[in-house]
Amino acid sequence: MADREKVAHLLRRATFGPTAEEVDAAESKGLAATIDALFEPAGTDSGAARTPPPKLGPVINEKSDRAEQIRTVGSWWLDRMVQADHQVHEKLTFFWHGHWATSADKVKSGPLMLAQQQTLFRTALGDFATQVHSMLRDPALIIWLDGQKNTNKAPNENLARELMELFTLGVGHYTEQDVREGARALTGWVVDQKSGTASLNPKRHDDRPKTILGQTGTYDADAFADLLLAQPACPDFVAKRLWLRYCSDADIPAATLSRARTQPTTAAVLRELLTSEGHAELVKQPVEWLVGALRQLQIRPGELPEAQRKQLGNGLTQLGQVPLRPPSVGGWPAGAAWLTTSATQARLKLAQSLAARAPQPVLDRLTASPPPQRPAALARLLVVDKFTDRTLAALTPAANDARQLLTLGLASPEYAIN
């Protein structure tokens, strides 16, 4: 693999989608320096200053105001993804959103969903333990998994089960008895919607001894979390989830897992995985596909008219992945699930919309080359290593129409695959 292809591959995996200029800079610096820059960003993130979190007012009209606030947060986050300078941090935040998959459809609160996003952002790169402890206090997650209904008189097992199965250990590393006892450890947490906080009500908490994973103690939420984090299955589970999302849908090699599981932070685990062997093609998730296209076409969602911002949201709805609305606690599907006939048609429709909004300087980068060379210019713009002969046969007749050429490139199989 040529040096440019290596850095392009790294940037495609580590970020939502690199621009040609970012690949140029990375090629100039070299692979090792690029890796350092990705995981040790210097200075402040000016993207954060350009995209401060929205200020959400009081809810007056219960239904419409809540829905509008949730749309505002989702639109803001999409803009934030495009604008973020520290793309590794931003993409990891979205990964964690899929991991702790919480939907506004049940939470019904823009402020609580925004607060969860901020918690995920704050803990995205650090040690996993900090994130687990923080999420057990997250009001949106508590509501999503019925934690506020979990009392010493009527334990609710939802949060305890998903905490072990989907968030920390994985199937096969706990028993139904562990779920029941874990639920008792999580009793007593209540959410104050007005203040947007969660707190422990001692009167609702079961402080009697519990036996979880073979150990007995008066476990509360923090002690339960510590017990799970101490299990050998926990670092393995996290590393495998990151591997599947960033590297390959095949099993992680044993040697790679051995190195990754001992890393002190999520950022260090991801760095180990991204610099390891065994990567395979991955299908881009719709959000990744859209954010990458917006970055490469120099389109900022936050600067679009409201109607066009809604079109982007509708496009993601048709593609099946809307931030803040995962379909279940298991998160979104992966791989071939995004390559259905309906998804392909939705991508083409959204690609046409994006190409129609592409600014003239982007189009000029295509038309600066003579028509026979424009597919190659398109590949460079979209950071595609190479179009297949079949795709080239479709692109060549559109070479004289820059917007049509751009549409076909965005909808191409090569652009859908990372």
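Just so we're clear, the structure is a prediction, and the values are computed from it rather than from any experiment.
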> Can you give the donor-acceptor pairs under 3.5 Å from side chains of residues 119-130 to other protein atoms, not counting sequence neighbours?
from: T119; atom 1: OG1; to: A115; atom 2: O; distance (Å): 3.1
from: T123; atom 1: OG1; to: T119; atom 2: O; distance (Å): 2.9
from: T123; atom 1: OG1; to: Q131; atom 2: NE2; distance (Å): 3.0
from: D127; atom 1: OD1; to: T130; atom 2: OG1; distance (Å): 2.9
from: D127; atom 1: OD2; to: A129; atom 2: N; distance (Å): 3.4
from: D127; atom 1: OD2; to: T130; atom 2: N; distance (Å): 2.9
from: D127; atom 1: OD2; to: T130; atom 2: OG1; distance (Å): 3.0

> Distance only, no hydrogens: is a donor on one side chain within 3.5 Å (strictly under) of an acceptor on the other, for E181 and Y174?
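The answer is no; no qualifying pair exists.
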
> Evaluate the side-chain proximity of I252 to L273: yes if any heavy-atom separation is below 4.5 Å, no if none is.
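Yes. Closest side-chain heavy atoms under 4.5 Å.
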
> For a quick test of reading the model, state the closest non-hydrogen atom pair linking A185 to I212 and the distance between them.
CB-CD1, 4.4 Å

> If we ignore angles and hydrogens, is there a donor and acceptor under 3.5 Å between the side chains of S353 and R357?
yes

> A side-chain contact here means heavy atoms from C-beta on lying under 4.5 Å apart; do E27 and K6 qualify?
no

> So, using salt bridge (Lys or Arg N to Asp or Glu O under 4.0 Å) as the criterion, who are the partners of R380 when residues are at least two apart?
D24

> I would like to know whether Q360 and D364 meet side chain to side chain donor-acceptor pair (under 3.5 Å); could you show each step before the answer?
CA-CA 6 Å; Q360 192 59 45; D364 290 345; 2.8 Å; yes

> Side chain of T151, backbone of G188: donor and acceptor closer than 3.5 Å?
no

> For P209, is there any backbone N or O sitting under 3.5 Å from a side-chain donor or acceptor partner on R184?
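Flag set: sc R184 to bb P209 pair under 3.5 Å.
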
> Quick check: does any side chain N or O of R12 sit under 3.5 Å from a backbone N or O of V383, one acting as donor and the other as acceptor?
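Pair found, side chain donor or acceptor close to backbone of V383.
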
> Under 3.5 Å, is there a donor-acceptor pair between the side chain of T168 and the main chain of L163?
yes

> Can R241 and D236 be counted as an ion pair, charged N to O under 4.0 angstrom?
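So R241 does not pair with D236 through a salt bridge.
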
> Mind checking whether W100 and V329 have side chains closer than 4.5 Å, heavy atoms only?
no

> Could you measure the distance from the CG atom of L242 to the CD atom of Q263? Nearest 0.5 Å is fine.
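Going from the CG atom of L242 to the CD atom of Q263 covers 12.0 Å.
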
> For a side-chain contact (heavy atoms from CB on, under 4.5 Å) check, start with the C-alpha distance between L297 and L406, then their side-chain angles and the critical distance, and finish with the verdict.
CA-CA 9 Å; L297 271 58; L406 197 51; 3.9 Å; yes

> Within the distance-only criterion (no hydrogens, no angle test), does the side chain of Q83 pair as donor or acceptor with the backbone N or O of T51 below 3.5 angstrom?
no

> Show the numbers, then the answer: is there a side-chain contact (heavy atoms from CB on, under 4.5 Å) between W243 and H279?
CA-CA 9 Å; W243 174 263; H279 290 200; 4.2 Å; yes

> Picking from N152, T187, N150, what satisfies side chain to side chain donor-acceptor pair (under 3.5 Å) with H205?
T187

> For A84, does its backbone N or O pair with a side-chain atom of Q87 as donor and acceptor, under 3.5 Å?
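Yes; at least one donor-acceptor contact below 3.5 Å.
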
> What is the minimum heavy-atom distance between L410 and A293, and which atoms define it?
CD2-CB, 3.8 Å

> Mind listing the side-chain donor-acceptor pairs of residues 332-339 below 3.5 Å, one per line with the distance, residues two or more places apart or on another chain?
from: W338; atom 1: NE1; to: P333; atom 2: O; distance (Å): 3.2

> Output all residues satisfying salt bridge (Lys or Arg N to Asp or Glu O under 4.0 Å) with R180, sequence neighbours left out; order by chain, then residue number.
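So R180 forms no salt bridge (Lys or Arg N to Asp or Glu O under 4.0 Å) with any residue.
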
> Can you name the nearest heavy-atom pair linking S328 to W144, along with the distance?
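Minimum heavy-atom separation between S328 and W144: C-CZ2, 3.9 Å.
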
> Sequence neighbours excluded, which residues qualify as side chain to side chain donor-acceptor pair (under 3.5 Å) partners of Q116?
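Q116: side chain to side chain donor-acceptor pair (under 3.5 Å) contacts with T102, D138.
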
> Can you tell me if H9 and N418 form a side-chain donor-acceptor pair at under 3.5 Å?
no

> Where the side chain of S258 meets the backbone of A255, is there a donor-acceptor pair that is under 3.5 Å apart?
no

> R403 side chain to A358 main-chain N or O, any donor-acceptor pair under 3.5 Å?
yes

> So do L159 and L141 actually touch side chain to side chain, heavy atoms under 4.5 Å?
yes

> Once rounded to the nearest 0.5 Å, what's the spacing between atom NZ of K108 and atom CZ of R66?
9.0 Å

> Quick check: do D3 and L31 have side-chain heavy atoms less than 4.5 Å from each other?
no

> Do other residues, nucleotides or ligands put more than 12 heavy atoms under 6.0 Å from K386 NZ?
no

> Using only atom types and a distance under 3.5 Å, with no angle test, would you say the side chain of K210 pairs donor to acceptor with the backbone of T218?
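No; zero donor-acceptor contacts below 3.5 Å.
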
> To the nearest 0.5 Å, what is the distance between OG1 (T256) and NZ (K240)?
12.5 Å

> Of the non-hydrogen atoms in V238 and W96, which two are nearest, and what is the gap between them?
CG1-CH2, 4.1 Å

> Could you check whether any side-chain N or O of E22 sits under 3.5 Å from a backbone N or O of T19, counting only pairs where one atom can act as donor and the other as acceptor?
yes

> So which atom in P326 and which in G331 form the shortest heavy-atom distance, rounded to 0.1 Å?
CB-CA, 4.3 Å

> Quick one: pull up CE in M81 and CG in D79 and give me the separation to the nearest 0.5 Å.
10.5 Å

> Look at atom CG of D385 and say whether more than 12 heavy atoms of other residues, nucleotides or ligands are closer to it than 6.0 Å.
yes

> Taking only residues two or more places apart in sequence or in another chain, which ones pass salt bridge (Lys or Arg N to Asp or Glu O under 4.0 Å) with E288?
K91, R245

> Regarding T388 and T391, is there a side-chain donor-to-acceptor distance under 3.5 Å anywhere?
yes

> With a sphere of 6.0 Å drawn around CD of E21, does it hold more than 12 non-hydrogen atoms of other residues, nucleotides or ligands?
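Yes, the 6.0 Å shell around CD holds more than 12 heavy atoms from other groups.
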
> Check this for me: does any side-chain nitrogen of one of K194 and D192 sit under 4.0 Å from a carboxylate oxygen of the other?
no

> Using only heavy-atom distances, determine whether the side chains of T175 and D178 contain a donor-acceptor pair under 3.5 Å.
yes

> Between L282 and R13, is any pair of side-chain heavy atoms under 4.5 Å apart?
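Result yes, sub-4.5 Å side-chain heavy-atom pair found.
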
> Can you check whether T15 reaches P18 side chain to side chain, under 4.5 Å on heavy atoms?
yes

> If you compare all heavy atoms of R309 against all heavy atoms of S75, which two are closest, and at what distance to 0.1 Å?
CD-OG, 3.6 Å

> With respect to C234, which candidate in L169, L228, L227 satisfies the side chain to side chain contact (heavy atoms under 4.5 Å, CB included) definition?
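Only match with C234 under side chain to side chain contact (heavy atoms under 4.5 Å, CB included): L169.
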
> Got R261 and P232 here, is their nearest side-chain heavy-atom distance under 4.5 Å?
yes

